[in-house]
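Here the structure comes first, spelled out in structure tokens, and everything after it is commentary.
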Amino acid sequence: MGGGGGGVAWRTLGKKWLHSTRALTHTRIPPNSLLSLDLPDVWIPNTNYTSTANTNCRFIPSSRIPNEHMATVIDGKSIADDLKSGIAGEICRMKNAVGKLPGLAVLLVGKRRDSRTFIRIKIKACNEVGISSFIAELPEDCTEDEIINVISSYNENPSVHGIIVQLPLPQHLDQEKIVNAVSLEKDVDGFHPTNIGNLAMRGREPLFIPCAPMVCIELLLRSGVEIIGKKAVVIGRSRIAGLPTSLLLQRHNATVSTVHAFTKNPEQITSQADIVVTDVGVPNMVRGHWLKQGAVVVDMGTNLVKDPSCRQGYSVTGDVCFEEAIGVASAITPVPGGVGPVTISMLLSNTLDSAKRAYGFT
């Protein structure tokens with residue numbers, strides 16, 4: 001009796017549901033509505049969790065951390081030097097074989113001190129391995145057309161194999177339009193939509209992978225960290241680091257979750273992860289209690305924090321409270337000296353690969 005009544009009720013509901021879905025098929029939902037709101041990821045202090053996202057890390061003396069709980073500090077500088085040595089050898093071999101060198105062009109808009117510092121580091125690294133460098137500097141108030149004209153000239157220059165537009169750009173400029181003006185074949189930053197799209201699709205290979213995500217995988221593999229089947233959390237979803245890192249970790253068969261500025265209780269998600277990668281630009285946001293014992297932490301954050309004790313008046317710190325995390329994680333990248341040096345080496349590697357394709361050199 002009960003079963004029969006339930007069946008009648010189900011059939012009645014089923015007919016109503018079928019009728020309602022038929023009615024819905026006549027109403028087309030605009031595709032843009034399916035994309036939801038394109039809100040910026042602005043990490044605003046939240047009393048639920050980011051009240052601790054400040055620069056006052058709780059320092060724990062190493063003498064109080066048992067040896068078995070002390071994280072291995074991943075030395076990015078030594079890995080970067082090793083990579084640069086291999087790149088320099090390949091460039092020397094290519095020069096001897098075809099008489100050509102790779103070329104990297106850098107475009108700087110404005111006079112930001114941090115951008116000038118980054119460019120100086122990149123040019124120095126190019127000189128160390130034998131990559132020719134080209135620099136174009138434009139004033140802060142330049143137009144998009146002026147920038148695109150410079151990019152177009154580099155796109156057509158056969159001596160240039162990689163082009164990077166130093167970010168961020170002044171606010172009056174359309175960053176997306178400018179970055180997309182770089183030729184796909186010279187997009188050594190890996191930001192072109194086609195490169196990102198191919199990275200996201202299984203069975204396709206991008207010409208270039210963004211450098212910071214490549215560094216993440218390189219550091220994990222060199223440190224003997226198993227990725228397959230592991231829970232990975234990427235904090236941040238920027239086009240430069242967070243998003244492509246998530247895609248690349250999926251390619252390596254990790255189970256990936258993304259934490260962003262709208263995520264509720266992010267520490268509950270990160271505390272279950274075997275691998276935690278950060279890309280938010282908030283000093284010391286990730287505290288020790290955000291991590292599970294033995295997690296591997298890759299800190300991509302680079303933040304300038306006022307520090308009167310330093311000659312420059314500031315110190316550099318990451319997104320992770322290193323002093324707390326070192327007593328919880330099994331391995332961790334420091335800031336500075338972790339991801340940063342290796343990122344430069346990956347840029348050089350992408351430029352070399354581009355030159356090899358251009359000259360048919362293997």
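Remember, predicted model here, so these are calculated numbers, not experimental data.
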*Is there a donor-acceptor contact under 3.5 Å linking the side chains of Asp319 and Asn284?*
no
*May I ask you to list the residues sharing a hydrophobic cluster with Ile344, side-chain cutoff 4.5 Å, ordered by chain and number?*
Ile121
*Report yes if some heavy atom in the side chain of Ile326 is under 4.5 Å from a heavy atom in the side chain of Val73; otherwise report no.*
yes
*Quick one: does Asn96's side chain have a donor or acceptor within less than 3.5 Å of a partner on Cys92's backbone?*
yes
*asked:* One pair to check against side chain to side chain contact (heavy atoms under 4.5 Å, CB included): Asn127 and Ile123. What are the steps and the verdict?
replied: CA-CA 6 Å; Asn127 294 337; Ile123 297 304; 4.0 Å; yes
*Do Val297 and Val256 sit in the same hydrophobic cluster, where Ile, Leu, Val, Met, Phe, Trp and Tyr count as joined when their side-chain heavy atoms come under 4.5 Å apart?*
no
*asked:* How long is the straight-line distance from CG of Leu104 back to OG of Ser133, given to the nearest 0.5 Å?
replied: 7.5 Å
*Enter the distance from Met94:CE to Thr362:OG1 here, rounded to the nearest 0.5 Å.*
12.0 Å
*Hey, are the side chains of Ile332 and Val296 touching, using non-hydrogen atoms and a 4.5 Å cut-off?*
no
_Measuring from atom CG of Leu249 to atom OG of Ser257, what distance do you get when rounded to the nearest 0.5 angstrom?_
11.0 Å
*Sequence neighbours left out, what pairs pass salt bridge (charged side-chain N to carboxylate O under 4.0 Å, His left out) with at least one residue falling in residues 334-344?*
none
*Group every Ile, Leu, Val, Met, Phe, Trp and Tyr by side-chain heavy-atom contacts under 4.5 Å, then state whether Val234 and Val280 land in the same group.*
no
*Counting only N and O atoms by type, is there a donor-acceptor contact under 3.5 Å from the side chain of His161 to the main-chain atoms of Pro102?*
no
_I'd like to check the side-chain hydrogen bond (donor to acceptor under 3.5 Å, both in side chains) partners of Gln312; sequence neighbours left out, ordered by chain and number._
none
_Arg287/Glu323 under salt bridge (charged side-chain N to carboxylate O under 4.0 Å, His left out): CA gap, chis, key distance, verdict_ = CA-CA 9 Å; Arg287 309 300 290 258; Glu323 291 82 358; over 6 Å; no
*What pairs meet the side-chain hydrogen bond (donor to acceptor under 3.5 Å, both in side chains) rule with one or both residues in residues 331-356, with sequence neighbours excluded?*
Glu90-Lys356
*Check whether any side-chain N or O of Gln293 sits under 3.5 Å from a backbone N or O of Val328 as a donor-acceptor pair, and report yes or no.*
yes
_Those residues that, when tested against Phe361, pass ring-ring contact (aromatic ring centres under 6.0 Å, His included) (two or more places apart)_ = none
Distance-only criterion, 3.5 Å: show the donor-acceptor pairs between side-chain atoms of residues 194-202 and protein atoms not counting sequence neighbours.
from: Thr194; atom 1: OG1; to: His192; atom 2: ND1; distance (Å): 3.4
from: Asn195; atom 1: OD1; to: Leu207; atom 2: N; distance (Å): 2.9
from: Asn195; atom 1: OD1; to: Phe208; atom 2: N; distance (Å): 3.4
from: Asn195; atom 1: ND2; to: Asp187; atom 2: OD2; distance (Å): 2.8
from: Asn198; atom 1: ND2; to: Thr194; atom 2: O; distance (Å): 3.3

*Any Ile164 side-chain heavy atom under 4.5 Å of Lys122 side chain*: yes
*What are the two closest non-hydrogen atoms of Val259 and Pro266, and how far apart are they?*
CG1-CB, 3.5 Å
*What distance do Ser330 atom OG and Met70 atom CE have between them, rounded to the nearest 0.5 Å?*
13.5 Å
_I'd like to know if Leu219 and Leu348 are part of one continuous hydrophobic network [Ile/Leu/Val/Met/Phe/Trp/Tyr, side-chain heavy atoms within less than 4.5 Å]._
no
*Cluster link Met300 to Leu221, ILVMFWY, side chain under 4.5 Å*: yes
*asked:* Checking the side chain of Glu324 only, and the main-chain atoms of Gly288 only, is there a donor and an acceptor separated by less than 3.5 Å?
replied: yes
*Charged N to carboxylate O under 4.0 angstrom, Glu185 versus Arg357?*
no
*Polar side-chain atom of Lys306 near backbone of Tyr314 as donor-acceptor pair, under 3.5 Å*: no
*Looking at CD of Gln166 and CG of Asp189, how far apart are the two atoms once the value is rounded to the nearest 0.5 Å?*
8.5 Å
*What pairs of residues pass the salt bridge (charged side-chain N to carboxylate O under 4.0 Å, His left out) test when at least one of them lies in residues 136-165, not counting sequence neighbours?*
Arg116-Glu137, Glu144-Lys177
*Ignoring hydrogens and angles, tell me if any N or O in the side chain of Asn303 forms a donor-acceptor pair with the backbone of Thr317 under 3.5 Å.*
yes
*Of the non-hydrogen atoms in Val320 and Asp299, which two are nearest, and what is the gap between them?*
N-OD2, 3.0 Å
*asked:* Is there a continuous path of hydrophobic side-chain contacts, each under 4.5 Å between heavy atoms, that joins Ile79 to Ile209?
replied: yes
*For Val182, which fellow cluster members are found when Ile, Leu, Val, Met, Phe, Trp and Tyr are connected by side-chain heavy-atom distances below 4.5 angstrom, either directly or through intermediates?*
Leu107, Val109, Phe134, Leu138, Ile147, Val150, Ile151, Tyr154, Val160, Ile163, Val165, Leu167, Leu169, Leu173, Ile178, Val179, Phe191, Ile240
*asked:* Between Met285 and Ile235, does the side chain to side chain contact (heavy atoms under 4.5 Å, CB included) criterion hold? Intermediate values first, please.
replied: CA-CA 10 Å; Met285 187 181 85; Ile235 308 175; 3.9 Å; yes
_With a 3.5 Å distance limit and no angle check, can you tell me whether Thr245 reaches the backbone of Ala241 through a side-chain donor-acceptor pair?_
yes
*Which side-chain hydrogen bond (donor to acceptor under 3.5 Å, both in side chains) pairs, counting each pair once, include a residue from residues 227-239, with sequence neighbours left out?*
Asp41-Arg237, Glu176-Arg239, Asn180-Arg239, Ser238-Asp279
_Checking the side chain of Ser115 only, and the main-chain atoms of Lys111 only, is there a donor and an acceptor separated by less than 3.5 Å?_
no
*Name all pairs fulfilling the side-chain hydrogen bond (donor to acceptor under 3.5 Å, both in side chains) condition that reach into residues 216-227, sequence neighbours left out, sorted by first residue then second.*
Asp82-Arg222, Glu218-Arg222
*Please list, chain by chain and in numerical order, all residues satisfying salt bridge (charged side-chain N to carboxylate O under 4.0 Å, His left out) with Asp307, sequence neighbours excluded.*
none
*Full working for side chain to side chain contact (heavy atoms under 4.5 Å, CB included) between Val298 and Thr278*: CA-CA 7 Å; Val298 179; Thr278 68; over 6 Å; no
*Give me the one residue out of Leu83, Ile74, Asp75 that meets side chain to side chain contact (heavy atoms under 4.5 Å, CB included) with Val342.*
Leu83
*Hey, what do you get for CD (Glu128) to CD1 (Ile91), rounding to the nearest 0.5 Å?*
11.5 Å
*Take Val316 and Val335 through the side chain to side chain contact (heavy atoms under 4.5 Å, CB included) test and state the conclusion after the steps.*
CA-CA 7 Å; Val316 180; Val335 178; 3.9 Å; yes
*What residues, two or more places apart in sequence or in another chain, satisfy salt bridge (charged side-chain N to carboxylate O under 4.0 Å, His left out) together with Asp114?*
Arg112
